[in-house]
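Single-structure report; data block below.
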Number of protein chains: 2
Amino acid sequence: MPSSVQNKRIRKSPAARRAEIVAAAAAVALTEGLECITLRRIAEELGVRPGLISHYFPAVEDLVAEAFGDAAGSELDALLPADRGDATPIQHLARFFARTSGEAYDDISRLWLNARHLSRYRPTLRDRVAVQEAAWRNRFEALVRDGVELGEFRTADPLLAAIQILVVLDGLGMLVNSVDTGDDPPAVRHMPVTTAERELGLPPGTLTTAAPSN
Amino acid sequence: MPSSVQNKRIRKSPAARRAEIVAAAAAVALTEGLECITLRRIAEELGVRPGLISHYFPAVEDLVAEAFGDAAGSELDALLPADRGDATPIQHLARFFARTSGEAYDDISRLWLNARHLSRYRPTLRDRVAVQEAAWRNRFEALVRDGVELGEFRTADPLLAAIQILVVLDGLGMLVNSVDTGDDPPAVRHMPVTTAERELGLPPGTLTTAAPSN
DNA sequence: TTGCTCATTGGTCGCACACTCAATAGCATC
DNA sequence: GATGCTATTGAGTGTGCGACCAATGAGCAA
């Protein structure tokens, strides 16, 4: 009787195998943390030998950076689609905050917290964090700019407004591993929304009541 | 000729040795990070054998938590002295922001970032972080409360205002390990001050121009 | 001076990690 | 069906970690 683990070799194209490895590493990064991305851990995840991971990523640090970039990039696309359909900027922003306020976003908060700390020791990851940070800020800025042009938002500096909102979001994200998660008063949990409404010249409540259709 | 390392035993009282160990660990935590607190590293720092550290801290995790508590507690005392002399709350707050805005505060930002991430895996540290977080919030709240009673500040909820300011400070602290540290626009770097002036009903500029005497 | 206590040492164990490389075998191609 | 390329394995190296413990000796008390 064959055991559940693969003892037969499965040979894949380098591109496919590499993508598979990055995907597995990204999943581990999201659920367990970037420091859990080890040769053994990822190899076990895919049913291959650790040496194979080394073959595709001679330095583990590169895989860690790649995994972070993959996870953060995917989340950004889900959060702020590059191609916004016909929904208004206000609706998109409301959707953004609905998602970032939910418990499902905790994994993303943990990932950013994780990556920002680990950047201290890993230059490759640090660079990748900078890339993703710029991507998030620019995507957010584009949304704000559209809103301004449509007359929905009012701000002199869309990028500055975007950064300020994201900084507040990061500040809350710092608390994600605390023992008393969720114990903070509602006013604290709503800080990102409050900040957005203030910086974008929106009446209070605009971003929490306007539920988008999609 | 005696080498520079101690080969002669020096026997100290448990209390003194323990304090020495915690101090060394706190120093390492501030300069290199909490994950650099290892038996070997701290022992070398003190010129003793690793076994001795184990003797005082059978589980390294306890030393890590203790080191964080020591470092964060000391910094809080320096930042917001429990016993404020005759300086006004505004002066103390201005001093607080002057210090937290300086580059010297980066190590503290790194420490909090480090601790908040590591809390994910280390329950003992998580508890200690919660204790320090409460201490920082309460100390800040006390300052705000005093300011309100003296008519300098205006807020309905001193603790809420304190938390909001600290959250923004944390948000900026997240960026401490970024490649482009300091590249952000002034308006971003001044977010904590701006937040404080807004939440405490102060005219803009109050906290950056009022230089305290001490 | 003697004896005792316990702070301190020195050595060891097991584990997990990244990284290396010659040998092997899947699979496309002819 | 044979051949060649290379993806994949298996086995190994060296490092650093926490934890453990019997032996030692510093310094105090009698």
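Lettering follows sequence order; numbering is per chain, from 1.
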So, is [X] close to the [N] phosphate, meaning a side-chain N or O under 4.0 Å from OP1 or OP2?
{"X": "A/Arg49", "N": "D/dT8", "value": "no"}
{"X": "B/Lys12", "N": "C/dA7", "value": "no"}
{"X": "A/Arg17", "N": "D/dT8", "value": "yes"}

Polar atom pairs (N or O), protein with nucleotides 12-17 of chain C, under 3.5 Å:
{"residue": "C/dC17", "atom": "N4", "partner": "A/Arg40", "partner atom": "NH2", "Å": "3.3"}

| Between C/dT20, C/dG26, C/dT8, which one does the side chain of A/Ser54 approach most closely? |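 Out of C/dT20, C/dG26, C/dT8, the nucleotide with an atom closest to A/Ser54's side chain is C/dT20.
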
Rounded to the Å, how far apart are [X] [atom1] and [N] [atom2]?
{"X": "B/Glu44", "N": "D/dC17", "atom1": "CD", "atom2": "C1'", "result": "15 Å"}
{"X": "B/Arg9", "N": "C/dT8", "atom1": "CZ", "atom2": "P", "result": "9 Å"}
{"X": "A/Tyr56", "N": "D/dT8", "atom1": "OH", "atom2": "C1'", "result": "8 Å"}
{"X": "A/Phe57", "N": "D/dA7", "atom1": "CZ", "atom2": "P", "result": "14 Å"}
{"X": "A/Glu20", "N": "D/dA7", "atom1": "CD", "atom2": "P", "result": "14 Å"}
{"X": "A/Arg18", "N": "D/dT8", "atom1": "CZ", "atom2": "P", "result": "13 Å"}

| request: Verify whether one side chain among A/His117 and B/Glu35 offers a donor that lies under 3.5 Å from an acceptor in the other. | output: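 Checked: A/His117/B/Glu35 side chains pair up, N/O donor to acceptor below 3.5 Å.
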
Between the protein and nucleotides 28-30 of chain D, are there any N/O to N/O pairs under 3.5 Å, and if so, what are the atom names and distances?
none

For nucleotides 3-6 of chain C, give me every protein contact, N/O to N/O, under 3.5 Å, one pair per line with atom names.
{"residue": "C/dC6", "atom": "O4'", "partner": "B/Arg11", "partner atom": "NH2", "Å": "3.4"}
{"residue": "C/dC6", "atom": "O2", "partner": "B/Arg11", "partner atom": "NH1", "Å": "3.3"}
{"residue": "C/dC6", "atom": "O2", "partner": "B/Arg11", "partner atom": "NH2", "Å": "3.2"}

| task | Evaluate the criterion side-chain contact (heavy atoms from CB on, under 4.5 Å) for residue pair A/Val64 and A/Val60; output intermediate values, then yes/no. | result | CA-CA 6 Å; A/Val64 171; A/Val60 179; 4.2 Å; yes

| message | Quick check against the 3.5 Å criterion: does B/Arg41 have a side-chain atom that pairs as donor or acceptor with the backbone of B/Cys36? | response |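 Side chain of B/Arg41 to backbone of B/Cys36: no pair is present.
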
| query | Counting only N and O atoms by type, is there a donor-acceptor contact under 3.5 Å from the side chain of A/Asp157 to the main-chain atoms of A/Leu160? | reply |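 Yes.
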
| message | So B/Glu75 and B/Asp107, do their side chains get closer than 4.5 Å, heavy atoms only? | response |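 Result no, sub-4.5 Å side-chain heavy-atom pair not found.
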
